[in-house]
Structures are given as C-alpha cells and as structure tokens.
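This structure is a prediction, so every number in the text was calculated from the model and none was measured.
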Amino acid sequence: GYGFVLHPSSYLRRDGWNVLDFVIVSVGLLGLAIPGGTRLWPMQFVRTLRPLRLINRSAGMKVVIRSLVASIRPLANVMVISLLTYLIFGIMGVQIFKGSFYRCTAEDFGDVEQAFPNISTKAACLGQCPWQYNNACRWEPFTSNFDSLPNAMVTLFEMSSLEGWVDVMHLGMDFVGPGMSPRLNHNKFWAIYFLAFIVFGSFFIINMFIGVLIDIYYQEKERLNQSGVTFLNDAQRAWVITYRKMINTVRSEESMSSLVRRKSLSFVVTNAFEMFIMAVIVLNVVVMAMERKTAPHETAYVRTLDIMSYVFAGTFCVEAVLKMLALGVKNYFKFTWNRFDFFIVVVSVLGLALQIVLSKLEAASVLRMLRLARLLRIEKAKGIKRILRTLVLSVVSLVNVAGVFLLLLFVYALLGVRLFAHIRFGNYIDSHYNFQAFDSALLLLVRMATGEAWQGISADCRVQPPRCDEHLDDCGRPLVAQVYFLSYTVVGMYV
C-alpha cells in the first residue's frame with residue numbers, strides 16, 4: 001500500500017530483507033533474459049543466495065540474525081585487539097621465518113609426496129636432483145609459511161583455531177634460515193614464539209570474545225521481557241512463559257478426597273522416599289553395568305543379575321502405583337515427568353516379560369536392550385531435572401539457531417560445489433570428502449565446523465601447478481578459497 005521505494009514505509013525501505021529478496025529475484029530474471037546468463041559466475045553466486053529468502057519468512061530466524069548483527073558493535077573493540085595481536089605476531093614471524101619454511105620435493109599432480117631430507121639447500125635441490133626424477137625437483141614453501149605478512153596472518157589465524165598449530169611450531173623449531181631446508185630441532189627455543197601466540201592470540205582472544213558475547217546475551221535476556229531465553233519471536237516467547245507456568249503449577253486438591261490418598265501423598269513427597277528411589281535407580285545402573293559376556297559355568301552370576309532386575313522393576317511399579325493413589329490417575333498423567341516415568345516402567349516390565357517368554361530365542365538378547373530405558377530414570381534427581389527442564393525451554397530458541405546454521409551450511413555447500421567441484425583430489429579432498437556433489441560438500445562442511453583439518457582442505461582448494469594441470473582445469477582458486485574458507489570458519493565455527 002506504500003509503493004515500491006519513495007515512501008518511508010515502501011517495500012524496499014521498510015525492511016532490509018525485502019531488499020535481499022528483490023536483488024535475488026532481479027538477478028535471477030536478468031540471468032534468464034541474457035543468453036547464457038545463467039552460466040556466468042555472478043549469476044551462479046546470487047543463485048546460491050536464494051535460500052536466504054527463507055529468513056524473511058521465519059520470524060525466529062530473523063531474531064537470531066538481528067541478535068548477531070546487534071553483537072557486531074560490542075565485538076568491534078575485541079576485533080581491533082585481535083587484529084593488532086595478529087599484526088604484531090605476523091610482523092615478528094615475517095622478520096624471523098621469512099624464506100625459511102621451504103623443502104625440496106618432487107611431487108607430481110597431488111601424488112604421494114617425495115621429500116629429500118639429505119638435500120639441505122635450494123641450490124642443491126635444483127642442481128642435484130636424483131636422476132630418477134628427471135631433474136623435476138622443486139624448492140617449494142610449506143602451505144603454512146611467513147614469507148609475507150598476508151601469509152603470516154593466515155597462518156596465525158589457522159593456528160588460533162588450534163588445528164595443526166603443533167605442526168607449524170615444529171617447522172619453526174626446525175628452521176635453519178632462508179634457502180635452507182628444515183633440520184630437526186635446529187632452533188628449539190623458537191617454540192616460545194608459537195606458545196606465546198597460542199596464549200595471547202588464541203586463549204585470551206577467545207575468552208574476550210566469549211566474555212563480550214555473554215554480556216550481550218544477558219543484556220538481550222533482560223530486554224526480551226525477562227523471558228530467560230533469547231533468539232525467540234513473540235509467539236515462541238509466549239509459549240515458553242505458558243510452559244513455565246504449567247511445570248510450576250501443582251494441582252493436588254483432588255488428592256485430598258480420601259484418607260488413602262492423603263496418606264499416600266504424605267509418603268511419596270517425603271525426602272526419604274525420594275532418596276530411596278534414587279538409591280534404587282543408582283543400584284539399577286550399577287547392576288546393568290555389571291552385565292558382560294559370560295561363560296557357560298557362570299549361570300549363577302547371570303541369574304543373580306536377572307533377579308535383581310526383577311526386584312528393581314517391581315520397585316518402580318510400586319512407586320508408580322503409590323503416586324497414582326496419591327494424585328489420582330487423571331492428575332498423575334497431567335505431569336510430563338510422571339508420563340515419562342510410567343513409560344519407562346511399562347517398557348521395563350515389557351522387556352522382562354518378553355525375556356522370560358522368549359528366553360530360548362536369539363531375539364531375547366535384542367529385547368534385553370529395552371531395559372536400557374531405565375537409565376533415563378536418573379532424571380529424578382532435582383539438579384538433573386532442572387537441567388533437563390532448561391533444555392526443554394531452550395529447544396525453541398535452539399531450533400531458530402539451528403535453522404540459521406543449516407541455512408548457512410546449505411548456502412556454503414551450494415557455493416562450494418560451484419567453485420571447487422573441479423578440484424583434483426589431494427591430501428584432504430578425496431573420494432569421501434569433496435565438493436563434487438551437494439551431499440559430499442555438506443558432509444565436508446560439517447567436518448570443518450568441528451575444526452577438523454579445515455586448513456588442509458583449504459590448502460587442497462588452493463592447489464596450483466605443477467601439482468595440478470591447468471589444461472585439465474583441476475587447479476584451485478587461491479584468493480577465492482582463502483575468502484571462502486576463512487569466512488566459513490569465522491561464521492561456522494565461532495559465531
């Protein structure tokens with residue numbers, strides 16, 4: 001009703017997400033109008049952003065994005081400190097290790113690397129290459145090096161993620177000088193440089209980020225109607241408040257309708273009864289942990305464990321009956337934890353009954369696993385119950401955060417397939433983890449989100465001749481790969 005762009009409440013000026021929608025749709029239509037436009041890389045890039053339109057239609061995801069955007073300004077000071085720390089250590093690293101992280105190799109197109117530890121200088125590498133390699137030896141830098149400030153900054157960032165930092169430290173301990181290949185423990189004292197960076201550039205910086213984020217979290221928590229959880233829209237917040245009222249409401253007026261119920265209620269709410277049930281649960285866990293593969297002559301051992309399992313199951317049945325008498329059946333099943341208790345009791349009894357009936361069948365060993373459900377009864381501990389209740393209240397907000405993260409994975413997987421599907425296999429990009437298909441790219445990104453070998457995957461996507469063949473179009477894109485993997489690492493691992 002307010003038009004396209006002129007009015008302050010128009011389509012484009014009302015919400016930034018409308019601008020994103022408009023750009024994605026416009027570029028898509030432009031690509032269809034231009035002959036061959038859909039194959040141009042700018043068009044392909046914008047097409048990968050189409051899933052982001054989902055955010056405009058999800059109020060929960062919008063709250064998460066707005067919270068992340070709101071945290072940028074408070075984090076700016078920490079980012080400046082981080083940049084200065086990286087800059088200081090980067091300049092020091094260039095001055096100390098420049099031209100020193102090199103080796104003599106004869107690697108061909110990503111095959112198994114052949115290094116020559118006996119060749120210690122660049123001149124010897126290029127002039128004394130073993131005859132079987134047809135003078136194909138190369139004096140090459142390691143992937144992580146300090147040859148320039150940008151390379152040093154990337155190397156330090158990789159180290160700050162604590163992935164592969166020990167390997168870089170070993171290179172620093174082994175370095176001899178420019179034009180010289182590493183020698184084992186030649187300069188061990190330079191480990192101080194790397195340990196100092198890990199302390200200041202990783203531990204301290206990460207703790208500062210966490211401190212600022214916790215402060216922002218509590219500010220948002222107080223601002224959002226004291227709901228106790230963030231990342232919720234209005235409807236989700238109302239659900240949380242309603243649920244809290246439900247779990248904190250105890251209706252026991254019907255339990256006082258008879259003497260039996262009053263006695264039962266006064267008994268089941270005592271601390272002694274709760275402690276007894278907790279002791280039975282712990283003993284049940286201990287007995288289940290004692291189960292093992294037994295020899296034929298150990299039938300008494302097995303029989304003892306089975307008898308104790310029957311005793312525990314009977315105790316849990318008696319507990320359920322007493323609580324039903326105390327609260328009444330209708331009130332008993334109104335509480336979630338009581339329904340959960342009853343389900344565990346039914347599953348336990350069913351498992352034991354089937355074990356007796358089918359004791360001579362192989363299926364009995366499978367049915368015995370039903371008794372593992374008893375372990376879940378440990379929730380009766382008040383502290384554990386409080387934690388589980390908090391998890392239930394956080395599920396809705398976690399769904400919003402997980403939705404944003406999955407959307408991020410989806411976009412980066414599509415983008416990775418378009419950028420790196422042609423990359424030849426290397427040390428980390430292989431038949432299991434690659435960008436040749438969406439599913440394998442998604443699995444690779446999940447692996448990287450855990451911090452596992454992300455710098456090696458990035459190195460494989462930056463591969464250049466002679467480790468690849470430009471005529472086969474299987475070489476990497478160094479600059480594009482650096483931006484892609486660094487941005488994903490920052491957003492996927494830390495945010």
From [X] atom [atom1] to [Y] atom [atom2], the distance as rounded to the nearest 0.5 Å:
X: N331; Y: K334; atom1: CG; atom2: NZ; answer: 4.5 Å
X: W165; Y: H170; atom1: CH2; atom2: NE2; answer: 8.0 Å
X: M208; Y: N77; atom1: CE; atom2: CG; answer: 10.5 Å
X: F146; Y: M92; atom1: CZ; atom2: CE; answer: 10.0 Å
X: I88; Y: L83; atom1: CD1; atom2: CG; answer: 10.0 Å
X: F312; Y: I307; atom1: CZ; atom2: CD1; answer: 12.0 Å

Nearest heavy-atom pair of [X] and [Y]: which atoms, and what distance?
X: V168; Y: M159; result: CG1-SD, 3.9 Å
X: I205; Y: S82; result: CG2-OG, 3.1 Å
X: E158; Y: S144; result: OE1-OG, 3.3 Å
X: S458; Y: Q482; result: OG-OE1, 4.5 Å
X: A481; Y: C461; result: CB-O, 3.8 Å
X: C317; Y: V345; result: SG-CG1, 3.6 Å

Item to check | F405/F410 aromatic ring centres below 6.0 Å | outcome: no
Any donor-acceptor N/O pair, [X] side chain to [Y] backbone, under 3.5 Å:
X: Y193; Y: F89; result: yes
X: E452; Y: R447; result: no
X: N427; Y: D460; result: no
X: N338; Y: Y332; result: yes
X: S264; Y: A326; result: no
X: T85; Y: I81; result: yes
X: R103; Y: P141; result: no
X: N434; Y: I429; result: no
X: N145; Y: F142; result: yes
X: D174; Y: N185; result: yes

Item to check | side chain to side chain contact (heavy atoms under 4.5 Å, CB included) assessment of E319 paired with F316 | outcome: CA-CA 5 Å; E319 179 203 7; F316 298 146; 4.2 Å; yes
Checklist outcome for this item: Sorted by chain and residue number, the side-chain contact (heavy atoms from CB on, under 4.5 Å) partners of L322 (sequence neighbours excluded) come out as F267, V268, F273, V318
Find out whether [X] and [Y] are in side-chain contact, i.e. whether some heavy atom of one side chain is under 4.5 Å from a heavy atom of the other.
X: M290; Y: Y301; result: yes
X: L415; Y: L419; result: yes
X: F194; Y: I198; result: no

Next on the checklist: Which label fits F97 and F101: parallel for a plane angle under 30°, tilted from 30 to 60°, or perpendicular past 60°?
Outcome noted: tilted
Item to check | Whether W190 and F175 hold their rings parallel, tilted or perpendicular, with breakpoints at 30° and 60° | outcome: tilted
Item to check | Evaluation steps, side-chain hydrogen bond (donor to acceptor under 3.5 Å, both in side chains), between S160 and Y86 | outcome: CA-CA 10 Å; S160 68; Y86 281 40; 2.8 Å; yes
Checklist entry - So R462 and T143, side chain to side chain contact (heavy atoms under 4.5 Å, CB included) or not? Walk me through it. => result CA-CA 10 Å; R462 303 196 308 265; T143 303; 3.3 Å; yes
Next on the checklist: Go through it in stages, so that I can follow the logic: the residues are S161 and W454, the test is side chain to side chain contact (heavy atoms under 4.5 Å, CB included), and I'd like the CA-CA distance, side-chain angles, deciding distance and then a yes or no.
Outcome noted: CA-CA 10 Å; S161 69; W454 74 269; 3.0 Å; yes
Next on the checklist: Working note: F425 + Q436, criterion side chain to side chain contact (heavy atoms under 4.5 Å, CB included); need CA distance, chi angles, decisive distance, verdict.
Outcome noted: CA-CA 11 Å; F425 290 170; Q436 295 182 353; 3.5 Å; yes
Item to check | Test side-chain contact (heavy atoms from CB on, under 4.5 Å) applied to Y433 and L443, I457, L445, the passing residue | outcome: L443
Next on the checklist: Could you walk me through whether S487 and Y412 satisfy the side-chain hydrogen bond (donor to acceptor under 3.5 Å, both in side chains) test, starting with their C-alpha distance in whole Å, then the side-chain angles of each, then the deciding distance to 0.1 Å, before giving a yes or no?
Outcome noted: CA-CA 10 Å; S487 63; Y412 269 88; 2.9 Å; yes
